[in-house]
Amino acid sequence: MNILCFGDSNTWGYRPDRKGRFDENTRWTGLLQQKLGPEYHIIEEGLCGRTTIFQDELRENRRGLDMVGATVEIHNPIDLMIIMLGTNDCKSHYRASASLISKGLDQVIRKARLNASQHFDLLVISPIHLGHGVGEPDFDPEFDGNSEVVSRNLAAEYRKVALQNHAAFLNAADYALPSITDREHLDEKGHVALADAIYDKIIALQKGLSNVI
């Protein structure tokens, strides 16, 4: 079973201490592979700074909408796609509401399906919340207080998108918190908690025990 994990830095495994990337035994994608076993193939497609539809003026190829089609084609056939985007869309200069971000997510999903060689199941994950004060000078000034509010509002909007696309839904913020180190990224415990939650969701879906929400 091929599982494509399409996300941003929290899928890539960015370390909150800014010292690179967690290894495959620490990041949630690697842990998920270990838990599922060899009958499953986890495909890691995380990219730092990735958004749904917004273009980063300083870094190319950060719009998920621009990359998802080719990504799906590269890894066809896909059985399950996990999408966890939205944190970077909360940056203050995009001035995006949770509702607008969810519309971007819907576009990403639709393009992914258009480029798939077969039908795939979908798991939409609303990302962890941004921590209080994440936009302070010693942390990440690309965010502000409103960014925190928007990040907390994503889950309700993403749930609607999941329903509209007949997808399963998981709110990462129910299981993991941003690290105290940077108030933005998962720490080691967060990766473990998220891997456990996604594993349980996948097994429930496989057994037909979980509906779209």
**Student:** At their closest point, which heavy atom of Arg27 faces which heavy atom of Thr11, and how far apart are they?
**Tutor:** CD-O, 4.5 Å

**Student:** Are side-chain heavy atoms of Arg159 and Asn171 found at a separation under 4.5 Å?
**Tutor:** no

**Student:** Between Thr181 and Phe139, which heavy-atom pair has the shortest distance, and what is it?
**Tutor:** O-CE2, 3.4 Å

**Student:** For the residue pair Cys5 and Trp28, establish whether any side-chain heavy-atom pair is separated by less than 4.5 Å.
**Tutor:** yes

**Student:** Flag yes if more than 12 heavy atoms outside Glu24 fall under 6.0 Å of its CD atom; otherwise flag no.
**Tutor:** no

**Student:** Side chains of Tyr158 and Ile83: closer than 4.5 Å at any heavy-atom pair?
**Tutor:** no

**Student:** Report the distance from atom CD1 of Ile42 to atom CG of Leu32, rounding to the nearest 0.5 Å.
**Tutor:** 4.0 Å

**Student:** When hydrophobic residues are tied together by side-chain contacts of less than 4.5 Å, even through go-betweens, does Leu100 share a cluster with Leu65?
**Tutor:** yes

**Student:** Side chain to side chain donor-acceptor pair (under 3.5 Å), that's the test. Do Thr71 and Glu45 meet it? Break it down for me.
**Tutor:** CA-CA 8 Å; Thr71 299; Glu45 280 289 350; 4.5 Å; no

**Student:** Would you check if Arg62 and Met67 make a side-chain contact, meaning some heavy-atom pair closer than 4.5 Å?
**Tutor:** no

**Student:** A side-chain contact here means heavy atoms from C-beta on lying under 4.5 Å apart; do Tyr40 and Ile3 qualify?
**Tutor:** yes

**Student:** Under a 3.5 Å distance rule, please check whether Asn115 uses its side chain to pair with a backbone N or O of Val72 as donor and acceptor.
**Tutor:** no

**Student:** May I ask you to decide if Ile53's main-chain N or O and Arg63's side chain share a donor-acceptor pair within less than 3.5 Å?
**Tutor:** yes

**Student:** Is it the case that the side chain of Asn88 and the backbone of Thr51 share a donor-acceptor pair, with hydrogens and angles ignored and the cut-off at 3.5 Å?
**Tutor:** no

**Student:** Is it true that atom NZ of Lys35 has more than 12 heavy atoms of other residues, nucleotides or ligands lying nearer than 6.0 Å?
**Tutor:** yes

**Student:** Determine yes or no for a side-chain-to-main-chain donor-acceptor pair under 3.5 angstrom, with Asp89 supplying the side chain and Thr52 the backbone.
**Tutor:** yes

**Student:** Could you give me the CA-CA distance, side-chain angles and deciding distance for Glu57 and His93, then say whether side chain to side chain donor-acceptor pair (under 3.5 Å) is met?
**Tutor:** CA-CA 10 Å; Glu57 295 180 357; His93 59 275; over 6 Å; no

**Student:** By salt bridge (charged side-chain N to carboxylate O under 4.0 Å, His left out), which residues pair with Asp17, not counting sequence neighbours?
**Tutor:** Arg15

**Student:** Grouping I, L, V, M, F, W and Y whenever their side-chain heavy atoms are under 4.5 Å apart, do Ile43 and Ile109 come out in a common cluster?
**Tutor:** yes

**Student:** Could you give the distance from CD (Gln107) to CZ (Arg110), rounded to the nearest 0.5 Å?
**Tutor:** 9.0 Å

**Student:** Search all heavy atoms of Leu85 against all heavy atoms of Phe6 and return the closest pair with its distance.
**Tutor:** CD1-CE2, 3.9 Å

**Student:** If hydrophobic clusters are built from ILVMFWY residues whose side chains come within less than 4.5 Å, do Leu123 and Leu186 share one?
**Tutor:** yes

**Student:** For His185 and Asn10, what are the C-alpha separation, side-chain angles and deciding distance, and is it a side chain to side chain donor-acceptor pair (under 3.5 Å)?
**Tutor:** CA-CA 6 Å; His185 294 97; Asn10 271 323; 5.0 Å; no

**Student:** Quick one, Lys201 with Leu205, criterion side chain to side chain contact (heavy atoms under 4.5 Å, CB included). Give me CA distance, side-chain angles, the key distance, then yes/no.
**Tutor:** CA-CA 6 Å; Lys201 176 66 74 169; Leu205 290 169; 4.0 Å; yes

**Student:** Can you name the nearest heavy-atom pair linking Met84 to Ala172, along with the distance?
**Tutor:** SD-CB, 4.4 Å

**Student:** Hey, quick one: are Ile203 and Leu80 part of the same hydrophobic cluster, counting side-chain heavy atoms closer than 4.5 Å, chains of contacts allowed?
**Tutor:** yes

**Student:** Quick one: pull up NZ in Lys103 and NZ in Lys160 and give me the separation to the nearest 0.5 Å.
**Tutor:** 8.5 Å

**Student:** Does the side chain to side chain contact (heavy atoms under 4.5 Å, CB included) test come out yes or no for Leu194 and Leu170, once each step is laid out?
**Tutor:** CA-CA 10 Å; Leu194 185 57; Leu170 186 147; 4.3 Å; yes

**Student:** Show the atom names and distances, to 0.1 Å, of all donor-acceptor pairs under 3.5 Å that link a side chain in residues 124-137 to residues at least two apart or in another chain.
**Tutor:**
unit_1, atom_1, unit_2, atom_2, d
Ser126, OG, Ala155, N, 3.3
His132, ND1, Glu148, OE1, 3.4
Glu136, OE1, Arg183, NH1, 3.1

**Student:** Can you tell me if CG on Leu114 sees more than 12 non-hydrogen neighbours from other groups inside 6.0 Å?
**Tutor:** yes

**Student:** If you compare all heavy atoms of Ile82 against all heavy atoms of Ile202, which two are closest, and at what distance to 0.1 Å?
**Tutor:** CD1-CD1, 4.3 Å

**Student:** Any side-chain heavy-atom pair from Tyr94 and Ser147 closer than 4.5 angstrom?
**Tutor:** no

**Student:** Please report the closest heavy-atom contact between Gly20 and Trp12, naming both atoms and the distance.
**Tutor:** O-CZ3, 3.9 Å

**Student:** Report the C-alpha distance between Gln34 and Asn25 in whole Å, list the side-chain angles of each, state the deciding distance to 0.1 Å, and finish with yes or no for side chain to side chain contact (heavy atoms under 4.5 Å, CB included).
**Tutor:** CA-CA 8 Å; Gln34 294 173 21; Asn25 295 314; 2.8 Å; yes

**Student:** Backbone N or O of Glu142 within a donor-acceptor pair of the Lys91 side chain at under 3.5 Å?
**Tutor:** no

**Student:** Tell me whether the count of non-hydrogen atoms from other residues, nucleotides or ligands lying under 6.0 Å of CD in Glu60 goes above 12.
**Tutor:** no

**Student:** Are the side chains of Met81 and Val68 in contact, using a 4.5 Å heavy-atom criterion?
**Tutor:** yes

**Student:** Report the residues that fulfil ring pair (Phe, Tyr, Trp, His ring centres under 6.0 Å) with Phe120, sequence neighbours left out, ordered by chain and then residue number.
**Tutor:** none

**Student:** Please examine the side chains of Leu154 and Ile101, heavy atoms only from C-beta on, and report whether any two atoms are closer than 4.5 Å.
**Tutor:** yes

**Student:** Counting only N and O atoms by type, is there a donor-acceptor contact under 3.5 Å from the side chain of Asn2 to the main-chain atoms of Pro77?
**Tutor:** yes

**Student:** With hydrophobic residues grouped by side-chain heavy-atom distances under 4.5 Å, do Leu31 and Leu36 end up in a single group?
**Tutor:** no

**Student:** Could you go through the side chain to side chain donor-acceptor pair (under 3.5 Å) check for Asn165 and Asp106 one step at a time?
**Tutor:** CA-CA 8 Å; Asn165 287 278; Asp106 183 68; 2.9 Å; yes

